Amino acid sequence: MNLLETLRLAVSSLLRSKMRSFLTSLGIIIGVGAVIAMVAIGDGARANVQKVFDSMGTDLLIILPGSSNSGGARGGFGSQPSITWDDLEAIRTQVPSVRAAAPELRTSTQVFSEDQNWRTSVIGTTPDFFAVRAWSLAEGERFSEADVEVGAKVVVLGQTVVEKLYGAGFNPVGQVVRINKMPFTVVGVTARKGQSPMGTDNDDTLFVPATTFQRQVQAQSLGKYIPGALFVQADPTAGTARAWEDLTVLLRERHRLSEDEANDFDIRDLSEMANSRQQSTETLSLLLASIAAVSLVVGGIGIMNIMLVSVTERTREIGVRAAVGARPRDILAQFLIEALVLALLGGLVGAALGLGVARLLAARFQWPLLVRPDVIFLALGFSALVGVGFGLYPARKASRLDPIDALRYE
Amino acid sequence: MNGNRERMPLIALRGASKVYRTGDVEVAALKGVDFTVEAGEFVAIMGSSGSGKSTMMNILGCLDRPTTGRYLLEGQDVSRLDRTELAVVRNRTLGFVFQSFNLLARTSALENVELPLLYAGVSARERRRRAREALERVGLGERLEHHPRQLSGGQQQRVAIARALVNRPRLLLADEPTGNLDSRTSVEVMVLFQELRREGITLVLVTHEPDIAGYAGRVVVMKDGRILSDQRQQPVPAVVPPLEEAVS
């Protein structure tokens, strides 16, 4: 008897008791469904975390100036300016593991359009900042190196600022806003980023050239030191760890620090933060998937149980089949394939169910829906394995029945 | 080979015995039986329960093997074959008819009859054709798609006979084939058996009803695992009585 005949036989015998077949595969359905849903949820959550961190900028390091020490009272990091504009230039040009770097000078101030005003944070920086912090422009363009050079009064607005000053959907490029009573020409608007991982509104900000920031917004003269932090984007092939080392060496050298002196700056690797968040979601989804895998094994035991009942119930049928010439291996194949079909059908239904649940949750939490085909095939393969594994014992039992006893069985 | 086959008996038991062991107790169900059936014979085996007739039938049907002695079927020693080889012999050479019909429930007559062909590796189309032919042969050409539950006892037994015949076996073994049938349908089955004998099929049936044994050409009586008597006789021609007579 060939495989196709055996398959047909198995399907028709399963169809004879549909409800039982369904309940038998339910364990597998739930198991496979859970595995696929869990993995999809885990992947979705991970992608979501990734998206949030990507919006901060990738391969990011932040360099904070050192702490001050006045009369024994030690200030925090950044209280003592120690990074110079020349340091920045050196970082940009002399470190191969750095792709780009830009300062971030921050304050908050009142800005005015013709008929509205709004208090927002002002960032003074250089054009590289937009690439480093992953800001793209929705309207107009960023300011140029030349604008930084001459201290041009130009500004790039965040979406929230545009909304508050002009109303949503307005294109303010070419308009004039006043910051500290000085007129700034709007040259661009950034694309919306939404909420930051810390819950603040990323778009409630505006950007001006660093030189303009110092002169016009803070009304100070340009100094040697950068009164703020540096954002550095590492070259992705080199990685942030390598960049971290290179930057430390460079800055120590430039600041002429001897062996036993501590750093007068602090470099933080922001990608580590993303990685640790990533790992915790990964651990969680692995945990969920392994719990789901346990239910697959339980489903397999359910199949074995019903197959054993079925073998006992159909003892006479087995006897008849043996009497008319079924070889032990024909009987074995029949019951094994029945178990396999149960498990695989359960796997298919479970996969559909898991995908449905994943889709529902993705829509509910606005995650990207990520379905990995390898997970589906793995789950189906595993359920087939469960079917064969747990079907083997009942099928062997059936194939070893003595035809005479089987025929006499009441 | 063919000429050889003509000369040698279809069935030859040589000193066959069967010992069942339950715990420490050994029970000899068959005690060194010599038994020969020529091709084309119609043999009835009689005997009370425990006489060893069922054991002999199981051995003749290749469902069981003798503990000692030999069983030559068509000249081939089948007494030492393994389970798979015995299954092939059952499939190719033998047809079984049981007292309780042993049809698969919730399976059409046609599919029941196809069963031996399924294990013989016959193609689906050929199976269908031959199963239909066999059912027509036993007069059930109109009942192909009926399930056993929808058939009378006599009809069910005829489906079982069609199943036994479908692989064109040389030997038909029937274990109390009329045990669950009324006298009229019993005679109908006997009519069919006598027809099959005329067509050259060898029949061996076990019965405890003397009038059923009367339709056979040879009656073997067993007792205590031995053959008590073995007589040839003029078979009674099976004729189904007219319906009125059966009612009265």
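On a predicted model such as this, the values are computed, not experimentally measured, just so you know. Chain identifiers are assigned alphabetically (A, B, ...) following the order of the sequence lines, protein sequences preceding nucleic acid strands; residue numbering begins at 1 within each chain.
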Portion of B:Arg92 that has a non-hydrogen atom of chain A nearer than 4.5 angstrom: neither

Just checking A:Leu4: does its CG atom have more than 12 heavy atoms from other residues, nucleotides or ligands closer to it than 6.0 angstrom? no

Applying ring-ring contact (aromatic ring centres under 6.0 Å, His included), can you list everything that pairs with B:Phe101, at least two apart in sequence or on another chain? none

Which heavy-atom pair separates B:Tyr119 from A:Gly325 by the least distance, and what is that distance? CB-O, 3.6 Å

Output for pair (B:Arg106 CZ, A:Ser12 OG), nearest 0.5 Å, gives 11.0 Å

Has B:Tyr20 got more than 12 heavy atoms of other residues, nucleotides or ligands less than 6.0 Å from its OH? yes

Determine whether more than 12 heavy atoms belonging to other residues, nucleotides or ligands lie under 6.0 Å from atom CZ of A:Arg359. no

Toward chain B: residues of residues 306-319 of chain A with heavy atoms under 4.5 Å: A:Arg316, A:Glu317

Which answer fits A:Ser13, side chain, backbone, both or neither, if we ask what part of it has an atom under 4.5 Å from a heavy atom of chain B? neither

Chain A contacts: which residues in residues 79-91 of chain B have a non-hydrogen atom closer than 4.5 Å to it? B:Arg83, B:Thr84, B:Ala87, B:Val88, B:Arg90, B:Asn91

So, do A:Val324 and B:Phe96 sit near enough that their side-chain heavy atoms are less than 4.5 Å apart? no

So which residues of residues 41-68 of chain B are in contact with chain A at a heavy-atom cut-off of under 4.5 Å? B:Asn58, B:Leu63, B:Asp64

Would you indicate whether the side-chain heavy atoms of A:Val320 and B:Leu115 approach each other to under 4.5 Å? yes

